[in-house]
Amino acid sequence: MLLVVGDVVRDHRDSALGIVAGLAEAPGPNLVVVRMSGGFVRLCEPHVLHLVARRSRPLTKSQSIAVTIAVLCAVTAAYLGARAAYELGELTPVSWSP
């Protein structure tokens with residue numbers, strides 16, 4: 001199993017979750033540097049780690065524009081649907097009276 005910096009891993013010895021921070025060279029086998037919650041660092045052998053989640057790449061500019069357009073379309077559709085239902089008398093407006 002190949003681990004990449006930023007991967008979330010679980011140490012199967014005590015089920016502790018952490019994030020891979022790098023590699024540490026030791027006289028014997030190489031060790032994986034895992035940053036645990038609380039800010040401390042643990043050195044683990046690669047065979048005791050299980051991959052839980054892989055770090056995702058950031059969105060490209062075109063992907064972020066597409067997501068923004070999709071969200072705007074969804075908000076517009078929800079507004080138009082609520083407005084049409086209100087005009088038909090099926091929906092009452094929300095009042096914030098105490």
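Just so you know, these numbers come straight off a predicted model, no measurement behind them.
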Checking R54 side chain against D7 main chain: does a donor-acceptor pair fall under 3.5 Å? no
My understanding is that only one of L17, V34, V32, V52 makes a side chain to side chain contact (heavy atoms under 4.5 Å, CB included) with V9; could you say which? V34
Is it possible for you to say whether V33 and V20 belong to one hydrophobic cluster, with membership spreading through side-chain heavy-atom contacts below 4.5 Å? no
Heavy-atom distance under 4.5 Å between the side chains of [X] and [Y], does that happen here?
X: L51; Y: L3; value: yes
X: L49; Y: D11; value: yes
X: M36; Y: V41; value: no

Atom CZ of F40 with >12 non-hydrogen neighbours under 6.0 angstrom: yes
Take atom CD1 of I19 as the centre, draw a 6.0 Å sphere, and report whether it contains more than 12 heavy atoms from other residues, nucleotides or ligands. no
In Å and rounded to the nearest 0.5 Å, what is the CZ to CD distance from R57 to Q63? 10.5 Å
Pairing residues for R35 by the side-chain hydrogen bond (donor to acceptor under 3.5 Å, both in side chains) criterion, not counting sequence neighbours: none
Over all heavy atoms of both residues, which pair between S15 and R10 is shortest? Give the atoms and the distance, please. O-NH1, 3.3 Å
Write down the atom of A24, the atom of L43, and the distance for their closest heavy-atom approach. CB-CD2, 3.9 Å
